[in-house]
Amino acid sequence: MDWEVRRYGAEDAEAWNKFVGSTKQGTFLFLREYMDYHSDRFHDHSLMIFRHGHLFALLPANVDGKVLWSHQGLTYGGLLTNQKATVAAVCDIFAAVNACLRLQGFVRVIYKPTPWIYHRLPSEEDLYALTNVCDARLSVRHVATTLCNQRLRFTESRKSGIRKAKVQGLTVCESNDLPAFWHILEDNLDRKYSAHPVHTLSEIQLLKARFPDQIHLYLAMKDDKPLGGTLIYETPQVVHTQYISASNEGKSMGALDVLFDSLLHDRYADVPYFDFGKSSNGDGHDLDRSLIFQKEGFGGRAVCYDWYEYDL
């Protein structure tokens, strides 16, 4: 048999992590030390795909009833392949995976491909297979704001905030004071959306301890007081703002403007892509216009984070 599809088990962690490092799309979010931090909330059903007995692809996934999600607890979570994966091979993988899932009683798949900005080589074989093998439909489209190496100028509103912050003496630094930032973040989300961060403070402290080279906190300060900040996820292709928030005082003083002026022109001046994350809510139809206006003011433009859905 050419293809074998097997469910991931804890004993496979070393092989899984090693393969992630060799893939065209892999980031630290797919390492088991990251994926398993919320195993109490998501019932893992990740798949390992073998060809002629050799590991050929991974599918990070969880199960919810009779639906397979790829992956419900991650921002993105599509098929992970190395440079040997061709279009024909990926089409065969989806056919083999679907046959396996049908035998296990699954009725639907919700698939969240890794956006192209994270690809170290062109890797949209899965998008072709989704429509031509699975008859999948686009079910959700979120919009994010991303800068590339060819950067646009800041808008005048962002420049004005930078001038205001510098007059007020605000500074930017890297910090480990997650509790101070989380207080600002939680207060903002509660007041504006009656919502909470996806991660608890203890979860993000755990993840930062596990991935100190990939997760960084930067704060805008007035003297010794944090006024705003951003939690950064660094991956091979993309620097991603996982969280951004400022206090009311910080907003009035241009804290985020001076923060991103420093990060974009100094710390991350040469990264391929700087992604501010999505500005759409729910199923993507609710565009937060004020939020995306702020992000686009730094020179960012649209990249979509899509979900596909198909019946088995």
Side-chain angles (χ1 to χ4, degrees), residues 1-13 15-17 19-20 22-26 29-32 34-36 38-82 84-116 119 123-142 283-284 304-312:
M1 184 175 67
D2 286 350
W3 299 99
E4 177 192 357
V5 179
R6 179 162 60 81
R7 185 176 173 185
Y8 166 83
E11 68 278 5
D12 299 312
W16 177 286
N17 286 345
F19 190 82
V20 168
S22 73
T23 62
K24 299 186 291 183
Q25 318 91 334
L29 277 73
F30 298 124
L31 297 176
R32 298 313 308 194
Y34 190 97
M35 288 184 61
D36 293 341
H38 49 22
S39 58
D40 59 323
R41 297 206 302 272
F42 300 102
H43 186 53
D44 190 87
H45 200 94
S46 297
L47 301 176
M48 305 175 74
I49 299 96
F50 296 82
R51 186 179 195 180
H52 302 304
H54 299 286
L55 186 57
F56 194 88
L58 302 174
L59 184 62
N62 70 284
V63 59
D64 183 11
K66 295 183 178 181
V67 178
L68 186 85
W69 284 77
S70 173
H71 181 296
Q72 200 170 7
L74 299 174
T75 307
Y76 46 86
L79 192 72
L80 302 179
T81 57
N82 61 27
K84 296 179 181 179
T86 62
V87 171
V90 171
C91 287
D92 291 344
I93 287 172
F94 272 87
V97 166
N98 291 344
C100 179
L101 293 176
R102 290 188 191 99
L103 288 174
Q104 296 176 20
F106 287 93
V107 299
R108 186 176 302 113
V109 173
I110 298 174
Y111 183 92
K112 298 156 67 175
T114 302
W116 63 267
H119 298 174
S123 305
E124 293 188 339
E125 296 88 359
D126 59 342
L127 300 187
Y128 181 85
L130 283 169
T131 55
N132 288 278
V133 175
C134 308
D135 196 25
R137 56 196 176 275
L138 179 67
S139 58
V140 172
R141 169 161 282 169
H142 285 289
D283 63 358
C304 289
Y305 282 64
D306 292 340
W307 300 11
Y308 289 85
E309 185 172 343
Y310 62 93
D311 299 320
L312 289 166

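When a residue number appears, it is its place in the shown sequence, counting from 1.
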Would you please test Ile49 and Glu4 for side-chain contact (heavy atoms from CB on, under 4.5 Å) and show each step?
CA-CA 6 Å; Ile49 299 96; Glu4 177 192 357; over 6 Å; no
Are the charged groups of Arg6 and Asp12 less than 4.0 angstrom apart, N to O?
yes
Working to the nearest 0.5 Å, report the span between CE of Met48 and CH2 of Trp16.
7.0 Å
Side chain to side chain donor-acceptor pair (under 3.5 Å) filter on Tyr305, not counting sequence neighbours, yields Tyr118, Asp275
A side-chain contact here means heavy atoms from C-beta on lying under 4.5 Å apart; do Tyr8 and Met35 qualify?
no
From NZ (Lys66) to CG (Leu101), nearest 0.5 Å
13.5 Å
So, do Asp283 and Trp307 sit near enough that their side-chain heavy atoms are less than 4.5 Å apart?
no
Identify the heavy atoms of Ala89 and Trp3 that sit nearest to each other, and give their distance.
O-CZ2, 3.9 Å
From Asp36 atom CG to Leu31 atom CG, the distance as rounded to the nearest 0.5 Å
10.5 Å
In terms of heavy-atom contacts, Asp306 and Cys304 come closest through OD1-CB, 3.6 Å
Any non-hydrogen side-chain atom of Glu125 less than 4.5 Å from a side-chain atom of Lys24?
yes
Main chain of Arg32, side chain of Asn17: is a donor-acceptor contact present, judged purely on distance under 3.5 Å?
yes
Please tell me if the side chains of Arg108 and Leu312 come closer than 4.5 Å, counting only heavy atoms from C-beta onward.
no
Say you draw a straight line from CG of Asn132 to SG of Cys91; how long is it, rounded to the nearest 0.5 Å?
6.5 Å
Should we count CG of Asp40 as having more than 12 external heavy atoms under 6.0 Å?
yes
Calculate, to the nearest 0.5 Å, the distance between atoms CZ and OG1 belonging to Arg137 and Thr131 respectively.
13.5 Å
Give the minimum heavy-atom separation between Asn82 and Ser22, together with the two atoms involved.
CB-O, 3.6 Å
Considering all heavy atoms of both residues, which atom of Ala15 and which atom of Leu55 are nearest to each other, and what is their separation?
O-CD2, 4.1 Å
Residue pair Asp2, Asp92: steps toward the side-chain contact (heavy atoms from CB on, under 4.5 Å) verdict
CA-CA 10 Å; Asp2 286 350; Asp92 291 344; over 6 Å; no
For Ile93, does its backbone N or O pair with a side-chain atom of Arg51 as donor and acceptor, under 3.5 Å?
no
Can you tell me if Thr81 and Gln25 form a side-chain donor-acceptor pair at under 3.5 Å?
yes
Checking Trp69, Phe94, Tyr308, Tyr310 against Tyr111 for ring pair (Phe, Tyr, Trp, His ring centres under 6.0 Å), the one that qualifies is Phe94
Are any side-chain N or O atoms of Ser70 and backbone N or O atoms of Pro60, one a donor and one an acceptor, separated by less than 3.5 Å?
yes
Is it the case that the side chain of Asn98 and the backbone of Ala95 share a donor-acceptor pair, with hydrogens and angles ignored and the cut-off at 3.5 Å?
no
Measure across Leu47 and Val5 and return the closest heavy-atom pair with its distance rounded to 0.1 Å.
CD1-CG1, 4.1 Å
Apply side-chain contact (heavy atoms from CB on, under 4.5 Å) to residues Gln104 and His45 and explain how you reach the verdict.
CA-CA 12 Å; Gln104 296 176 20; His45 200 94; 3.1 Å; yes
Do Phe19 and Phe30 have ring centres separated by under 6.0 Å?
no
Between Lys112 (side chain) and His71 (backbone), is there a donor-acceptor pair under 3.5 Å?
yes
Between CG on residue Leu68 and CD1 on residue Ile110, distance to nearest 0.5 Å:
9.5 Å
Between His119 (side chain only) and Thr114 (backbone N and O only), is there a donor and an acceptor less than 3.5 Å apart?
yes
Sub-3.5 Å donor-acceptor pair from the side chain of Asn62 to the main-chain atoms of Gln72, do we have one?
yes
